[in-house]
Amino acid sequence: MDQHLETIDAFMDGERVNSDALRAALATDEGRGYLVELAAMREVVAVPAAAAASPAAAASPAIAASPAIAASPTIATSSTLATSVSGPGRSSSVSASLLLVAAALVAVVGTAGFALGTRQSARRDSAQAEAAPQPTRVLKLEAGVNWSEGQPTKGGN
Amino acid sequence: MTDSADSTALFDAHRDGLCRYLTRIVGQPDAARDLTQEVFLRVARAGVPAGPPEGRRAWVFRIARNLALNHLRDQQRRPATTALVDIGRSGTQELGAAVQQALDGLAGLDRDVFLLRETAGLGYDEIAAACEITPDAVRSRLHRARQQLRESLGSMISIQLQRGVRLTQGQ
């Protein structure tokens, strides 16, 4: 019977199987039941997408190194480098980056505001310097008054 | 293609499968992400070997498996600290814990063969290359693992059967 079930396994795994063997395997109640349970088990053991979110910040594959270290089961895992670019360590580095960006933004906006204010203030000053001074006395000329005739004032001509 | 481009292509093609496989094998998503990074650092340092894509995939997963085994070995040397976080788990977490427990009950190689098939989608020849066993051994170990999981996850499978099933090729 195991031979039949292994055929169903292989078929479900996308491997090429003998069609007669598959037919024979599926001719039994146990074979058909196994196929259905296999499909259900596959869904049960599937890794939830959230749990298996792959690392967004990928380590650069362009790092050069010795080929001798690959595929060796005896090499101890050194995950410090990986940890520095992913996992819990990454969130703090992201926060620090955001803080730096925010500080830079504040500095740029502050400098630009100061420069703009200074320039506008200077322009206002020069405009005020060129304008005519306001009169301090107003002479009213009234119609009918002969300003050239009349009593000469004392001491006048 | 340059070595760097090869490594990048390999990373793009297999990072999700690797992360799923490593998540199941080490049982901790954070550790799995770190190990995924570590795999590709090693791939980048070693340079991608010439050969067909299946051979490259098997090679990448062999590196991942070795790193995962080292990680598990290191974990066993440390005192267990996870028991207290089990309080108040959601249904999904309970399912995940039950699956993890069932997987932990498998023999090491049976579990690796099963996970390489179910979470990473490797073919029998690729699994054989990654685990350094024959394709026939893959077939029999895979079947043994499934029979064992069928028993240990019986109630979960029954619930799934009530919901209905659909045919998938693994992840």
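All chains are named by letter (A, B, ...) in the order of the sequence lines, taking the proteins before the strands, and each is independently numbered beginning at 1.
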Looking at [Y], is its backbone amide N or carbonyl O close enough to the side chain of [X] to form a donor-acceptor pair, meaning the two atoms are under 3.5 Å apart?
X	Y	answer
B/Asp110	B/Leu106	no
A/Thr28	A/Ala24	no
B/Arg117	B/Leu122	yes

What part of A/Ile8 gets within 4.5 angstrom of chain B, counting heavy atoms only: side chain, backbone, both, or neither?
neither
Does any heavy atom of chain A fall under 4.5 Å from the side chain of [X], the backbone, both, or neither of them?
X	result
B/Val165	both
B/Arg65	neither
B/Ser140	both
B/Phe114	side chain
B/Leu153	side chain

For chain A, the option from B/Arg24, B/Arg139, B/Arg146 that forms the most heavy-atom pairs under 4.5 Å
B/Arg146
Heavy-atom pairs under 4.5 Å with chain A are the metric here; pick the option from B/Gln100, B/Met156, B/Arg166 that has the most.
B/Arg166
Decide side chain to side chain contact (heavy atoms under 4.5 Å, CB included) for B/Cys131 and B/Val138; before the verdict, give the C-alpha distance in whole Å, the side-chain angles of both, and the deciding distance to 0.1 Å.
CA-CA 9 Å; B/Cys131 296; B/Val138 170; over 6 Å; no
Side chains of A/Asp9 and A/Tyr34: donor-acceptor distance under 3.5 Å anywhere?
yes
Pair B/Arg144, B/Gln147: side-chain N/O donor-acceptor within cut-off below 3.5 Å
no
